[in-house]
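Chain letters run A, B, ... following the sequence lines, proteins first, then strands; residues in each count from 1.
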Amino acid sequence: NAGVTQTPKFQVLKTGQSMTLQCAQDMNHEYMSWYRQDPGMGLRLIHYSVGAGITDQGEVPNGYNVSRSTTEDFPLRLLSAAPSQTSVYFCASSYSGAGSGANVLTFGAGSRLTVL
Amino acid sequence: EDQVTQSPEALRLQEGESSSLNCSYTVSGLRGLFWYRQDPGKGPEFLFTLYSAGEEKEKERLKATLTKKESFLHITAPKPEDSATYLCAVQGDLAGSYQLTFGKGTKLSVIP
């Protein structure tokens with residue numbers, strides 16, 4: 001199993017450009033999510049999905065868009081990049097996050113984005 | 001609102017010098033408290049889940065403990081390969097709650 005795969009690993013954008021960060025998992029996990037990690041701050045949840053066709057906002061959703069058309073894939077779209085979106089982005093997945101179980105996440109290796 | 005505070009921000013230990021990392025938390029009801037390890041340039045790697053006060057879990061030189069207000073990650077006789085940032089997170093037990101709230105982490109350096 002590859003686990004959680006993110007692409008690209010590095011990306012440089014100009015302000016106003018759009019792009020998509022890709023995330024794929026091969027563990028048949030229901031739950032997928034996107035976090036951003038900034039210096040001096042904890043990981044913050046951007047968007048999450050509990051299954052194909054279902055998405056919801058996290059703590060910091062503005063400027064980002066997601067969709068979940070398959071169980072395996074959960075892309076993150078930046079509609080019009082801003083310097084404030086310079087960060088390291090992590091995709092994470094789990095079997096399920098609610099019900100009686102705890103949300104034990106498996107993380108990808110990260111995508112480092114710089115917006116000039 | 002769930003909150004997680006980790007201390008210290010950074011810790012330097014000599015190889016073999018045992019110590020503890022602290023994670024203080026507030027949450028409406030605890031579904032789980034998590035410890036992750038993160039190496040530079042990599043994603044966090046799961047270590048432990050603790051569910052209720054009094055619970056302890058061990059893995060090699062690491063032992064995690066939990067009270068109603070805080071968790072400790074005890075590192076016994078650390079080695080240089082234990083150098084990493086250790087992250088603590090909590091998940092509340094509200095219905096349909098998936099979100100984890102993370103602390104800022106403790107950066108551990110173990111000097112040979």
Exercise. With respect to chain A, which residue among B:Leu100, B:Thr49, B:Thr101 yields the maximal number of heavy-atom pairs within a distance under 4.5 Å?
Worked result: B:Leu100

Report which part of [X] has an atom under 4.5 Å of a heavy atom belonging to chain B: side chain, backbone, both, or neither.
X       : value
A:Val50 : side chain
A:Leu45 : side chain
A:Gln6  : neither

Problem set entry | Hphob cluster co-occupancy, A:Leu21 + A:Tyr48, side-chain heavy atoms under 4.5 angstrom | no

Exercise. Should A:Trp34 and A:Met19 be counted in the same cluster of Ile, Leu, Val, Met, Phe, Trp and Tyr side chains packed under 4.5 Å apart?
Worked result: yes

Exercise. Do A:Phe90 and A:Tyr35 have ring centroids that are under 6.0 Å from one another?
Worked result: no

Problem set entry | Verdict with reasoning, A:His29 to A:Ser94, per side chain to side chain donor-acceptor pair (under 3.5 Å) | CA-CA 5 Å; A:His29 282 173; A:Ser94 69; 5.8 Å; no

Exercise. Side chain, backbone, both or neither: which part of B:Glu9 has a heavy atom under 4.5 Å from chain A?
Worked result: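 Contact with chain A is absent: no heavy atom of B:Glu9 under 4.5 Å.
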
Exercise. When the ring planes of B:Tyr36 and B:Phe102 are compared, do they come out parallel, tilted or perpendicular, using 30° and 60° as the limits?
Worked result: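 Aromatic pair B:Tyr36/B:Phe102 classed tilted.
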
